Amino acid sequence: MARMKGSELITEYLLKNQIPYVFGICGHGNVGMLDALYGARERIKLVSPRHEQVAAHMADAYFRVRHEPVATLTSCGPGSCNIVMPLQVAMSDSSALLAITANVPTQQFNRSPFQEINRHFQADFPNIIRPVVKRSFQPTRVDMLPLALRQAMTAMLSGRPGPVNVDVPFNVFQEEDEVEVPPAAPPFAGQRSGAQPEAIAAALDMLLAARRPVVFIGHGVTLSEASRELTEFVTRLKLPVISSPNGMGALDMSDALSLGFIGRNGAYPANQAGRHADLVLAIGARFDDRSASSWIPGYSWNFPQSKLIHVDVDHDELGRNYPPDLGLIADARTFLRQMLAAFDQRGTPVAEARAEWLTEIAGWRNAWEAHTRPNFELHATPIRPERIVADCRAVLPDDAILACDVGVNHNWYMQFWQARRPQTMLNSWGFSGMGFGAAGVLGAKLAAPERPCVAIVGDGSFTMVPHVLLTAVEYDIPVVWVIWNNFGWVSIRDIQLGMFGGRELGTMFRHGANKEPYNPDFAGWAKASGVAALTITRSQDFKGALEHAIKANTPFLIDVHVDAEVRPPATGTWQLPPTPYNEPAFGKRWRPGEPAGT
Ligand SMILES: Cc1ncc(C[n+]2csc(CCOP(=O)(O)OP(=O)(O)O)c2C)c(N)n1
Ligand SMILES: [Mg+2]
């Protein structure tokens, strides 16, 4: 036991869990915590961006890259309300961060002091944040902190990870008590669950009997760090692999067995294999609407004609969208190890049984390549989207990290990016919070300082968090932002064109009597902030600019003017009932034999 302030105890507990950073913004509510961080400033670093949203996206991205958590710190009231959206981004994609929020002093609860949320209950911030975190704690005395901190850290990192909140009243930071720093939480993925042996045997029976099997991997495989086991398993059993965005790279996507992403903006071979499979083995994937063509049979999947084995650590995901024929509650890596061991014991050869299916898939792949590849070679003004994706792949090393933002720009990367390694492509998939990529790239770079970190950000998304420029300069974080500048919220404009007969309103940026396209001079804006910048209007110039930006090793923005009228080919669908989906106008579904390009 030692006598210490609540804020000192929190700081010591962060350090005990080897948390190197707090991303946070000051306010009168958390100055006590800042004071303790000042005392420990040689051991833990505060990074203070210009908006709380950015702090939480940074923490989320940091975890996705390292699988080690950091904390955020926000003040009472508005400051903490600003992290609701990014917390749900983390929650939807199972990413961990410890959100320390400040509250008003307990002595003033219910008196409606400055910034108290109290119309229904005292110091009610936990009620605001409750749906967007795994758990919220509100210790109201210093002697309640050790238990709350230990439980918070454990809840955040165990099972399916996610954000957790500790809401601390002002006085609890400041008051002292005789307390002990609790033991560190078990490290992330230190405790793993396996499947029942009988279920493993049954899964293997089904896989070996299948004629057209396919594996569908999601973030669960990435989180479980099962890349090696997955690669060995699918290579030995000759299983083609479809990936959700956050599963990308768990199997090197240049591998012949990798079919890419599925759904409206998936790759044709993935949708073809998904809808023609007789057995789908889904591991750590949840069949959300965008990777299941809104669950309409025959587009991406064909359940119940196809059999389903579904493996997940979270029982809530089994059967949410498709009832599995065999459900296994297990950690992905443990499951794969169990399957490999069981396969070794059986010694059944699979090569011939798979030949026909793999040949069929190769045909779909060839048709898709023949359709799409020519556009990757084209130079055009304004720049064709494929060109940006191709040049990024050509320039970036395999371990570079791509922080993707939201919008049609993201659809192109979903469809065509080849992630070579796990945890190198960060996506706000489940919640699609604009600003995730632009802000997250800062957290990614702090997590992997030696690797190039590039954000692909729409012009609309970037203008939601333009102050990220200042944080990169203040903390010397050499990231690259590629602004995918199409002068509008084009993904939403395309919905208006496709589903509402072209009644475009509030989706393009314009000014003046002639309604000319409008955006700020992004490069000028960056330079005014101390960030190096280039504007690219000719596709010939982009590759060199990106190479230059990465070599420069300084915060860098490249404003790239991209053609808003070239749409990614649809190979599945995405529907919003009851609005009719006008296929020809909005993402025409491509079938082989149709001409290249749009
Ligand atoms: C915070 C937030 N607000 C609104 C949306 C809805 N939304 C999804 S995509 C999009 C437009 C994105 O525009 P931009 O970043 O320019 O990308 P583009 O589609 O033009 O490539 C909007 C407004 C969202 N996902 N997140
Ligand atoms: Mg845009």
Side-chain angles (χ1 to χ4, degrees), residues 51-57 60 81-93 132 245 264-265 288-290 382-389 392 402-417 426-441 454-468 481-500 504-511 517-522 525 535-537 557-568 570 574 576 586-587 598:
H51 194 295
E52 289 85 357
Q53 178 194 349
V54 173
H57 284 323
D60 175 350
C81 285
N82 265 347
I83 61 167
V84 172
M85 186 279 260
L87 283 177
Q88 184 57 38
V89 166
M91 187 75 169
S92 295
D93 288 343
V132 302
R264 184 188 69 186
N265 293 112
D288 68 294
D289 58 336
R290 292 199 295 163
I383 303 172
R384 271 195 78 100
E386 295 92 330
R387 193 75 228 177
I388 313 298
V389 181
C392 283
L402 208 62
C404 297
D405 221 293
V406 169
V408 71
N409 58 90
H410 191 213
N411 291 339
W412 283 102
Y413 280 82
M414 216 69 62
Q415 198 158 36
F416 292 111
W417 183 248
L426 315 183
N427 312 278
S428 171
W429 183 242
F431 207 54
S432 234
M434 291 171 68
F436 168 78
V441 72
V454 177
I456 308 293
V457 196
D459 49 328
S461 295
F462 187 80
T463 45
M464 287 215 168
V465 289
H467 39 74
V468 290
W481 292 277
V482 173
I483 309 290
W484 186 289
N485 189 355
N486 50 19
F487 293 84
W489 317 112
V490 169
S491 43
I492 312 300
R493 190 273 319 248
D494 283 353
I495 296 178
Q496 295 179 331
L497 298 190
M499 291 186 176
F500 294 88
E504 180 206 306
L505 178 71
T507 49
M508 292 304 282
F509 308 142
R510 300 182 197 281
H511 77 144
Y518 168 74
N519 251 331
D521 168 10
F522 283 105
W525 202 357
T535 305
I536 302 294
T537 55
L557 180 147
I558 310 176
D559 175 16
V560 190
H561 292 202
V562 186
D563 196 334
E565 307 310 326
V566 180
R567 291 172 189 83
W574 185 59
L576 297 169
F586 173 46
T598 43

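In listed order, ligands and their atoms are each counted from 1. Computed from heavy atoms alone, side chains included, the values below leave out hydrogens, waters and symmetry copies. Note that this is a predicted model, so its numbers are computed, not measured.
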| message | Below 3.5 Å, N or O to N or O, backbone or side chain included: is there any such pair between Gly407 and ligand 1? | response | no

| message | Geometry only, no angles: is Trp484 polar-contacting ligand 1 at N/O separations under 3.5 Å? | response | no

| field | atom 6 (C) of ligand 1: nearest protein contact (heavy atom, Å) | value | Met434 SD, 4.1 Å

| said: Quick check: closest heavy atoms across Ala438 and Val465, and the distance to 0.1 Å? | reply: CB-CG2, 3.6 Å

| query | Is the shortest heavy-atom distance from the side chain of Thr535 to the side chain of Phe522 under 4.5 Å? | reply | no

| request: Report yes if some N/O of Asn409 lies less than 3.5 Å from some N/O of ligand 1; otherwise report no. | output: yes

| task | Enumerate the atoms of ligand 1 whose separation from the nearest heavy atom of Asp459 is less than 4.0 angstrom. | result | 16 (O)

| request: Would you mind reporting whether Gln53 and Met434 have side-chain heavy atoms less than 4.5 Å apart? | output: no

| Do you know which two heavy atoms are closest between Gly430 and Asp93, and how far apart they sit? | N-OD1, 2.9 Å

| message | Is any side-chain heavy atom of Trp429 closer than 4.5 Å to one of His410? | response | yes

| said: Is a donor from one side chain sitting under 3.5 angstrom from an acceptor on the other, for Asp559 and Trp525? | reply: no

| request: Please indicate whether any nitrogen or oxygen in Gly488 is less than 3.5 Å from any nitrogen or oxygen in ligand 1. | output: yes

| Contact atoms of ligand 1, heavy-atom distance to Ser461 under 4.0 Å | 14 (P), 15 (O)

| remark: The protein heavy atom nearest to atom 25 (N) of ligand 1 is Ser432 O, 2.7 Å

| task | Give the minimum heavy-atom separation between Asp459 and Phe487, together with the two atoms involved. | result | OD2-N, 2.9 Å

| field | the Mg ion (ligand 2) contact by Gly488, N, O or S atom under 2.8 Å | value | yes

| query | Would one find an N or O of Met85, backbone or side chain, under 3.5 Å from an N or O of ligand 1? | reply | no

| query | Against heavy atoms of Asn486, which atoms of ligand 1 measure under 4.0 Å? | reply | 18 (P), 20 (O), 21 (O)

| message | Can you report which non-hydrogen protein atom sits closest to atom 9 (S) of ligand 1, along with the distance? | response | Ser491 OG, 3.2 Å

| said: Does the plane of the ring in Tyr518 sit parallel, tilted or perpendicular to the ring in His511? Use 30° and 60° as the thresholds. | reply: tilted

| N/O/S from Asn486 sitting under 2.8 Å away from the Mg ion (ligand 2) | yes

| Asp459, N/O/S atom nearest the Mg ion (ligand 2) | OD1

| Ligand-side contact atoms (ligand 1) for residue partner Val490, heavy atom cut-off under 4.0 Å | 18 (P), 19 (O), 20 (O)

| message | Show the atoms of ligand 1 that are less than 4.0 angstrom away from any heavy atom in Gly460. | response | 14 (P), 15 (O), 16 (O)

| task | Please tell me if the side chains of Trp489 and Phe509 come closer than 4.5 Å, counting only heavy atoms from C-beta onward. | result | yes

| query | Can you tell if the side chain of Tyr413 reaches within under 4.5 Å of the side chain of Val389, non-hydrogen atoms only? | reply | yes

